[in-house]
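The next block holds one structure in the form of structure tokens; read it before the comments.
Keep in mind that the numbers below use all heavy atoms, side chains included, and drop hydrogens, waters and symmetry copies. Numbers restart at 1 for each chain; the letters A, B, ... are given by sequence-line order, proteins then strands.
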Amino acid sequence: MPELPEVEVVRRGLERWVGGRTVAAVEVLHPRAIRRHLAGPADFGTQLTGQRLGAARRRGKYLWLPVGDGSRAVLAHLGMSGQLLVQPPDAPDEKHLRVRIRFADTEGTELRFVDQRTFGGLSLHDTVLGDPDGLPDVIAHIARDPLDPAFDDAAFHTALRGRRTTVKRALLDQSLISGVGNIYADEALWRTRLHYERPTAGLTRPRTAELLTHIREVMNEALAAGGTSFDSLYVNVNGQSGYFDRSLDAYGREDEPCRRCGTAIRRRPWMNRSSYFCPRCQRPPRAA
DNA sequence: CGTGGCCCCTGATTGC
DNA sequence: TGCAATCAGGGGCCAC
């Protein structure tokens, strides 16, 4: 699954292989992949053709490429199964190829958006006026991610304390902190010895600081591992950073021993997905 | 307006 | 062996 580190790997790939190139043609093979572009797939192609793309940016799991003078940007989200691939034009179409972007140069590659489950997509938006990052307006509500140097730890703690919710819900709330998904949430909570249902209102400042440290550590470790496992021709991996999977301590380890205390890791259904935790290291909050 | 539940989608896996 | 149910999960949307 593309998590923040994989998305960052993709961003670097786009910066290297796509930045500065001019779009010659856009082919939309599945309209759902362009659904956020309200004017429709044809307009998406028309607006993009002839435009020069700038250096890729990222916030959380969102990626964008400035278009032309930077007043607009192509926004990309990989969803669950999305890939952005730089391919030679004669490479056979991927089974789930959704969008193809050809360039007006002789570099001999094209950009492909491939997405089995079509939870992801591409779209074109105006950028927030005066924003130094050229943030697309539709993601202005997305909080900075914990690897962003401008992420405000103190403000995050205050916001957490003000919410009447539980800690894992808060970690997945993109308006509080972005880039943390189900896997990283479970890993960071395990490292912090926090149960996923702990109310945010009870978190102390040092506890929040600890949690942020662990989120950053696990993401940086995954980024380092993900960075090693791909081919330079591809802009990203296929979503399975196989190498980091072996470093997981909680996620996907039901019935396996906790690496700290040996107690069997448990899995609980949670919000139509799963939460993995150590019942000994991560004690549930006292029932209200 | 904050909170929480539902649903979008396809393929691999599991169970009867 | 075949088919249905389940699961994966980000995030927009909407009801309360």
Centre of A:W190's six-membered ring, under 6.0 Å away, within 45 degrees of the axis: is that where NZ or CZ of A:R260 sits?
-> yes
[X]: salt bridge (charged side-chain N to carboxylate O under 4.0 Å, His left out) partners, not counting sequence neighbours:
| X | value |
| --- | --- |
| A:D69 | none |
| A:D115 | none |
| A:R216 | A:D153 |

Tabulate protein N/O versus nucleotide N/O from nucleotides 12-16 of chain C, keeping only pairs under 3.5 Å, one per line.
residue: C:dG12; atom: OP1; partner: A:Y62; partner atom: OH; Å: 2.4
residue: C:dG12; atom: OP2; partner: A:Q174; partner atom: NE2; Å: 2.8

How would you list all residue pairs meeting ring-ring contact (aromatic ring centres under 6.0 Å, His included) that involve residues 151-170 of chain A, not counting sequence neighbours?
-> A:F151-A:F156
Is A:S81 near enough to C:dG9 that one of its side-chain N or O atoms lies under 4.0 angstrom from OP1 or OP2?
-> no
Counting N and O atoms only, with roles assigned by atom type, does the side chain of A:Q116 sit under 3.5 Å from a partner on the main chain of A:G82, one being a donor and the other an acceptor?
-> no
Is A:N182 reaching over with its side chain to a backbone N or O of A:S274, donor-acceptor style, under 3.5 angstrom?
-> yes
What is the distance, rounded to the nearest whole Å, between atom [atom1] of [X] and atom [atom2] of [N]?
| X | N | atom1 | atom2 | result |
| --- | --- | --- | --- | --- |
| A:D186 | C:dG10 | CG | P | 10 Å |
| A:R117 | C:dC7 | CZ | C1' | 9 Å |
| A:M271 | C:dC7 | CE | P | 16 Å |
| A:Q116 | C:dG10 | CD | P | 15 Å |
| A:N182 | C:dG9 | CG | C1' | 7 Å |
| A:I183 | C:dC7 | CD1 | P | 17 Å |
| A:R169 | C:dG9 | CZ | C1' | 15 Å |
| A:W270 | C:dA8 | CH2 | C1' | 15 Å |

Sort and list the pairs that fulfil salt bridge (charged side-chain N to carboxylate O under 4.0 Å, His left out) and have at least one residue in residues 156-167 of chain A, not counting sequence neighbours.
-> A:R163-A:D173
Could you list all the salt bridge (charged side-chain N to carboxylate O under 4.0 Å, His left out) pairs where at least one residue sits in residues 33-47 of chain A, not counting sequence neighbours?
-> none
Take A:K95 and A:R35, find for each the nucleotide of DNA chain B with the closest heavy atom, and name the residue whose nucleotide sits nearer the 5' end.
-> A:R35
Bend of the helix from B:dG2-C:dC16 to B:dC16-C:dG2 from end-axis comparison, five pairs per end, nearest 10°, comes to 60°
Have [X] and [Y] got a donor and an acceptor in their side chains that come within less than 3.5 Å?
| X | Y | answer |
| --- | --- | --- |
| A:Q83 | A:E94 | no |
| A:S275 | A:K168 | yes |
| A:H125 | A:T127 | no |

Could you give the start and end, 5' to 3', of the contact zone on DNA chain B for chain A, using atoms under 4.0 Å from its heavy atoms?
-> B:dT3 to B:dG11
Got a sec? Which of residues 160-167 of chain A come in under 4.0 Å of DNA chain B, heavy atoms?
-> A:R163, A:R164, A:T165
Pairs in or reaching into residues 195-204 of chain A: which pass side-chain hydrogen bond (donor to acceptor under 3.5 Å, both in side chains), with residues at least two apart or in two chains?
-> none
Using a 3.5 Å cut-off and no angle test, enumerate the donor-acceptor pairs between side-chain atoms of residues 101-108 of chain A and protein atoms at least two apart in sequence or in another chain.
residue: A:D105; atom: OD1; partner: A:R21; partner atom: NH2; Å: 2.9
residue: A:D105; atom: OD1; partner: A:E107; partner atom: N; Å: 3.1
residue: A:D105; atom: OD2; partner: A:R21; partner atom: NE; Å: 2.8

